[in-house]
Amino acid sequence: MRKLLFLLIFTVLHFASFAQRNTLNSAEDSDPKATALLKKVQQKYEAYKSIGMDFSLKIKIPEVPEEVQKGKLVQRGESYKLDMKDQLILSDGRTMWLYLKGPNEVQVMDAAEMPEGMLSPKDLLKIYEQKDFVYAMTNRIKKNGKWLQQIEFKPLKQDVDYSKMRVSIAYETNEVVQVEAFGKDGGRYTLVVDQLQPNIAASDATFKFKKSDYPDVYVEDLRY
């Protein structure tokens, strides 16, 4: 499930409609209007030298009380820092560190060898370029005084944890304000962007794991 939660961060027709039409079966069937909007979003974010984001992650699983986790993301080029309740993920573009706060353990791996199914924040902005999804414009809604355009993504692969994703984009700013993933287990995961900080100050050290800051940390180096 870590893959699904990570996929939600960055930062990709109702599912019944897809099934009924049975015509959107390849990436080439995607809605060109949705592609145009996603390109605008990508261009806006890539124009920033760096981005800071505060977010809330709401987790709803059948027969389990709803959970809300707060998190922070800092991204600069290929480097990023994702800090959540139970884990910290750092990458300087070459090395990735996955720090598990509970057991005080860090896994070190090559950034290029990221586990299958996991995407970096930068990759998520280019999700429409991948051939793993078909997507289309759906609803236009008003939330908290803002008009939002929703785009829904259907995965073309069967071996994924979710049945669809829904991205909500603000009309006036071309910013992603919410991403939802619908798990095949009945769970629903909603990421809400609470605050976006363009061109936030971030040094190289921001994206590196410093062992001395974590006394007695267990290090598992998975690099070859």
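Only a predicted model underlies this, so the values are computations on that prediction, with no experimental measurement involved. All residue numbers in this chain count up from 1 along the given sequence.
Taking each heavy atom of Asn174 and Val41 in turn, the nearest pair found is O-CG2, 3.5 Å. Closest approach of Arg76 to Ser203, counting heavy atoms only: NH1-C, 3.8 Å. Of all the heavy atoms in Lys211 and Val219, the pair that sits closest is CE-CG2, 4.1 Å. Heavy atoms only, all atoms of each residue included: Gly93 and Ala111 are closest at O-CB, 3.6 Å.
The OH atom of Tyr48 sits 12.0 Å away from atom CD of Glu46, with the distance rounded to the nearest 0.5 Å. Atom-to-atom distance recorded for Gln69:CD and Met84:CE is 4.5 Å, nearest 0.5 angstrom. The OG atom of Ser79 sits 7.0 Å away from the CG atom of Asp204 when rounded to the nearest 0.5 Å. Taken from CD in Gln149 to NZ in Lys33, the straight-line distance is 9.5 Å, to the nearest 0.5 Å. Ser168 OG to Ile141 CD1: the interatomic distance, rounded to the nearest 0.5 Å, is 5.0 Å. Taken to the nearest 0.5 Å, the CD atom of Gln42 stands 11.0 Å off from the OG1 atom of Thr35.
Residues satisfying the side-chain contact (heavy atoms from CB on, under 4.5 Å) test with Asp213, not counting sequence neighbours, are Lys210. Contacts of Tyr214 classified as ring pair (Phe, Tyr, Trp, His ring centres under 6.0 Å), with partners at least two apart in sequence or in another chain: Tyr99, Phe209. Under the side chain to side chain donor-acceptor pair (under 3.5 Å) criterion, Lys49 pairs with no residue, sequence neighbours left out. Legend: residues meeting side-chain contact (heavy atoms from CB on, under 4.5 Å) with Arg223, ordered by chain and number and at least two apart, are Thr95, Val108, Asp110, Asp221. Residues forming a side-chain contact (heavy atoms from CB on, under 4.5 Å) with Lys146 (at least two apart in sequence, or on another chain): Leu148. Every residue was checked against the salt bridge (Lys or Arg N to Asp or Glu O under 4.0 Å) condition with Lys184, not counting sequence neighbours, and none meets it. In this view, Gln197 satisfies the side chain to side chain donor-acceptor pair (under 3.5 Å) rule with no residue, not counting sequence neighbours. Residues that satisfy the side-chain contact (heavy atoms from CB on, under 4.5 Å) test with Lys208, not counting sequence neighbours, are Asp92, Arg94, Trp97. A search for salt bridge (Lys or Arg N to Asp or Glu O under 4.0 Å) contacts involving Asp216 returns nothing, not counting sequence neighbours. Among residues two or more places apart in sequence or in another chain, the side chain to side chain donor-acceptor pair (under 3.5 Å) test is passed with Asn199 by none.
Geometric assessment of Arg140 against the ring of Tyr171 yields a positive cation-pi assignment under the 6.0 Å and 45° thresholds.
Counting heavy atoms from C-beta outward, Tyr218 and Leu100 have side chains that stay 4.5 Å or more apart. In this structure the side chain of Lys143 reaches within 4.5 angstrom of the side chain of Gln178, judged on heavy atoms. Taking 4.5 Å as the limit, every side-chain heavy atom of Glu220 sits out of range of all side-chain heavy atoms of Val106. Two residues are said to be in side-chain contact when any heavy atoms from C-beta on lie closer than 4.5 Å; Met53 and Val193 meet this criterion. At least one side-chain heavy atom of Ile89 sits less than 4.5 Å from a side-chain heavy atom of Tyr80. Looking only at side-chain heavy atoms (C-beta outward), Leu88 and Lys81 come within less than 4.5 Å of each other. The shortest side-chain heavy-atom distance between Val192 and Phe55 does not fall under the 4.5 Å cut-off. Within the 4.5 Å cutoff, the side chain of Glu66 has heavy atoms near those of the Val68 side chain.
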Using side-chain contact (heavy atoms from CB on, under 4.5 Å), reason through Phe182 and Arg166 one step at a time and then give a plain yes or no.
CA-CA 8 Å; Phe182 299 79; Arg166 179 187 296 145; 3.6 Å; yes
Residue pair Met165, Glu180: steps toward the side-chain contact (heavy atoms from CB on, under 4.5 Å) verdict
CA-CA 6 Å; Met165 293 200 311; Glu180 300 167 89; over 6 Å; no
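A donor-acceptor pair shorter than 3.5 Å cannot be found between the side chains of Gln150 and Glu152.
A continuous path of hydrophobic side-chain contacts links Leu98 to Leu222 [ILVMFWY only; heavy atoms under 4.5 Å]. One hydrophobic cluster holds both Tyr189 and Ile151 under the rule that ILVMFWY side chains link at heavy-atom gaps under 4.5 Å. By the criterion of side-chain heavy atoms lying less than 4.5 angstrom apart, applied directly or through intervening Ile, Leu, Val, Met, Phe, Trp or Tyr residues, Met96 is not grouped with Val217; the two fall into different hydrophobic clusters.
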Throw together a table of side-chain donor-acceptor distances under 3.5 angstrom for residues 56-64, partners on residues two or more places apart or in other chains.
from: Ser56; atom 1: OG; to: Lys70; atom 2: NZ; distance (Å): 2.6
from: Ser56; atom 1: OG; to: Asp194; atom 2: OD1; distance (Å): 3.4
from: Ser56; atom 1: OG; to: Asp194; atom 2: OD2; distance (Å): 2.6

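Between Lys101 and Asp86 there is no salt bridge, since no side-chain N of the basic residue sits under 4.0 Å from a carboxylate O of the acidic one.
Residue Val74 belongs to a hydrophobic cluster whose other members are Ile200, Phe207, with links defined by side-chain heavy atoms closer than 4.5 Å.
Exactly one of Val179, Val177, Leu38 qualifies for a side-chain contact (heavy atoms from CB on, under 4.5 Å) with Ile169. That residue is Leu38.
Looking only at distances, no side-chain donor or acceptor of Lys154 sits under 3.5 Å from a matching main-chain atom of Ala136.
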